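Encoded as structure tokens, the structure appears first; notes follow it.
Treat the numbers as computed from the prediction; the structure is a model and nothing was measured. Protein chains get the first letters and strands the later ones, always in sequence-line order, with residue 1 at the start of each.
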Amino acid sequence: MASHPPFLLQNTLTGKLEPLEPQDSNFLRMYSCGPTVYSYAHIGNFRTFITSDLIVRTARAIGWDVRYVSNITDVGHLTEDDVADAGGEDKMAKALKSKEGEQFANVYDLARYYADALNLDWQILNLLEPDVRPRATEHITQQIEAIEKLIEKGHAYETADAVYFDVGSFKEYGKLSGNREANQLEESVRDIVVDPNKRDSRDFALWKKDDKHLMQWYSPFGRGFPGWHIECSVMSMQYLGEHFDLHGGGEDLIFPHHECEIAQSEGLTGKPFADMWVHTRFLQVEGAKMSKSKGNFFTVRDLTGPESKGGRNINPFAVRLALISGQYRKPYNFTFKTLSDCIQNVERFQAVEKVAEEGLKNGDDAPDTLGDALDSCYERTLHAMLDDLNTPLAISAALEGSKLITKQETLSKASAEKVKAWLDKTNALLGLFKYDNGYNPATATTEDTLSTKVEHLLEARQAARNARDYARADEIRDELDQMGIEVKDTPNGPTWKKKAKI
RNA sequence: GGUGACGUGGCCGAGUGGCUAGGCAGAGGUCUGCAAAACCUCGUACGGCGGUUCGAAUCCGCCCGUCACCUCCA
């Protein structure tokens, strides 16, 4: 592996840009918080997941091995909560009672359904599969064991309603978020749910006793369910060890979730937990926070699905490109204007692939003229990624590379090989135009089939063009356009595609 | 009230004292029946006010504004 600059990332723990230095050199162990599967994941969720994906891709590009763990939370979080004291209704139980939830026999079915949906969306956006995707419900025993140990060590105590983590016993509480003082919390929270038996209002639940709850397990503390922070401590340490390199998630998780994870984990082991914490900022859509009531709330399938299923038929790679067009740690405004630009750019990359294939097949034996320039483009792309995942810069370097290629009239075989290699490397890093996560879109049920009417119109237009009846040909093209079919003429004959609905 | 991020041309953004990044969009042109694609050409911006300096987007101060977290959320 050629030498490269350090892999810099913004560490929330120190507030600084720092080189990522795995404990075992060239072997990165990272954990990324996944979603609670009570509904379809939305594009904001995926902005965060893509950040993790890009870290993995960048690490592999510089020759590191990566063990990448990302969980699925299939135990309900609670809708109304103080810092962590379960006071409200279980989110998944609530989903089950909603209109969409009626189709599910029980909360486990619901969780399974949305977990499967998450996996499919994950694949469609070309995110790499985690090496381990643990589920909270499959790690209940380990969570109970961790709680018992925390009690033993004096970091947790039991009340009539719950087992709480004793924040006062962990001096460094607040080191991630800056929320150190109990009074800060009390001043800000309006309708705080206070268990009179809690020693400190910052204390958070490790186990909630509740034998009425939809999801409940037996434990030494009585029937109930785990608090919502303990699962990530347990699962990350099980698959990555007590002290690992990087932990990521959305910015909202800084507090309380990750703050509590640190307290539990370090309280448990006495060792530092994760060295680097990387948080992705929230996405805005058309300048506003995503919300269903504002009508700017989108799931992956809303954008990429077929029109017949209420989707917009947008190239998934364009969605991916749009989501990484801003750097992960800066606020980013996702707009349909950007998305529509991204469709063009993704298609440009995909067109370059065809050019390369053509060159490999029919290129002449002239010497390569592109390799060096493309190597330099790739290097700029990689260096941009190593500099705190500077995706806008990385993308611009990649687009410049594509321009170098489309400038050529034809490609020699030698050049085509270089182009192919460049495309593969660039795609391995950014994942922007070709599936490399094992997903095969051909096996998916797309509805991109043409009605016989469309077939006939395409033929009729060709006939009109052949007869030089261009007025008629354009008329048919307009008609097809109205039907959502875009026709383009090329030297090799007309091509068509179903337009995205933006 | 506390904590943190951030304000560069239509958009995403490089840039840490002087040498007009880059990409995308847009405009004009070439080409093709037209359209699309492709190619060529075109952009002097840095929230405001002071200060430091020969010189500031870049350093200092104040102000203004945006966003987020502290409450379920990626």
Assess the residue pair A:K499 and A:D481 against the criterion (salt bridge (Lys or Arg N to Asp or Glu O under 4.0 Å)); give the C-alpha distance rounded to whole Å, side-chain angles, the decisive distance to 0.1 Å, and a yes or no.
CA-CA 8 Å; A:K499 287 193 299 182; A:D481 192 73; 3.1 Å; yes
Decide yes or no on salt bridge (Lys or Arg N to Asp or Glu O under 4.0 Å) for A:K354 and A:E357, but give the supporting numbers first.
CA-CA 5 Å; A:K354 292 215 176 84; A:E357 279 161 25; over 6 Å; no
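Spacing between B:rC54 and B:rG61 at atom C1', rounded to whole Å, works out to 23 Å. B:rG51 and B:rU44: their P atoms are spaced 29 Å apart (whole Å). When the P atom is compared between B:rG47 and B:rG13, the two are found 15 Å apart, to the nearest whole Å.
The A:K289 side chain lies nearest to B:rC69 when the options are B:rC39, B:rC69, B:rA35. The A:F282 side chain lies nearest to B:rA74 when the options are B:rC72, B:rA74, B:rG33. Nearest nucleotide to the A:F49 side chain, out of B:rA74, B:rG33, B:rC72: B:rA74. For A:T338, the listed nucleotide lying nearest its side chain is B:rC11; candidates were B:rC11, B:rC73, B:rA25. Among the nucleotides B:rA68, B:rG33, B:rA25, the one closest to the side chain of A:K337 is B:rA25. Residue A:Q284 has its side chain nearest to B:rA68 when only B:rG13, B:rA68, B:rA74 are considered.
Under the 6.0 Å cut-off for aromatic ring centres, A:Y114 and A:Y38 do not qualify, their centroids lying 6.0 Å or more apart. For A:Y113 and A:F104, the distance between ring centers is under 6.0 angstrom.
Distances shorter than 4.0 Å separate some side-chain N or O of A:N390 from OP1 or OP2 on B:rA14. Proximity of A:R348 to the phosphate of B:rA38: a side-chain N or O atom is located under 4.0 Å from OP1 or OP2. Dashed line: the shortest gap from a side-chain N or O of A:K403 to OP1 or OP2 of B:rC24 is under 4.0 Å. For A:T406 and B:rC39, the shortest distance from a side-chain N or O to OP1 or OP2 is below 4.0 Å.
Toward the 5' end of RNA chain B, the nearer of the two residues A:E400 and A:N45, judged by each one's closest nucleotide, is A:E400. In terms of position along RNA chain B, the nucleotide closest to A:G326 lies nearer the 5' end than the nucleotide closest to the other residue of the pair A:T280 and A:G326.
In this view, A:D121 and A:F46, A:V300, A:R301 satisfy the side chain to side chain contact (heavy atoms under 4.5 Å, CB included) rule, not counting sequence neighbours.
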Give the dot-bracket string for RNA chain B, reading 5' to 3', where a pair is Watson-Crick or G-U wobble with both distances under 3.5 Å, ( ) marks pairs inside the strand, [ ] marks pairs crossing earlier ones, | marks a partner on another strand, and . marks unpaired.
((((((((.[[[..)..(...]]].(((((.......)))))....[[[[[..)....]]]]])))))))....
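With a 4.5 Å cut-off on side-chain heavy atoms, A:D131 and A:V69 do not count as touching.
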What's touching nucleotides 4-9 of chain B from the protein side, N or O pairs under 3.5 Å?
residue: B:rA5; atom: O2'; partner: A:R281; partner atom: NH1; Å: 3.3

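With 3.5 Å as the limit, one finds no donor-acceptor pair spanning the side chains of A:D341 and A:T338.
As judged by a 4.0 angstrom heavy-atom cut-off over every strand, A:L393 is placed among the base-contacting residues.
Relative to the ring axis of A:W496, A:R477 does not place its NZ or CZ within 45° and under 6.0 Å from the centre.
Taking the six-membered ring for Trp and thresholds of 30 and 60 degrees, A:H42 and A:F297 have ring planes more than 60 degrees apart, a perpendicular arrangement.
Here the straight-line distance linking atom CG of A:N345 with atom OG of A:S402 works out to 7.5 Å at 0.5 Å rounding.
No donor-acceptor contact under 3.5 Å links the side chain of A:R380 to the base of B:rG22. Looking at A:N345, its side chain has no donor and acceptor atom pair within 3.5 Å of the base of B:rG23.
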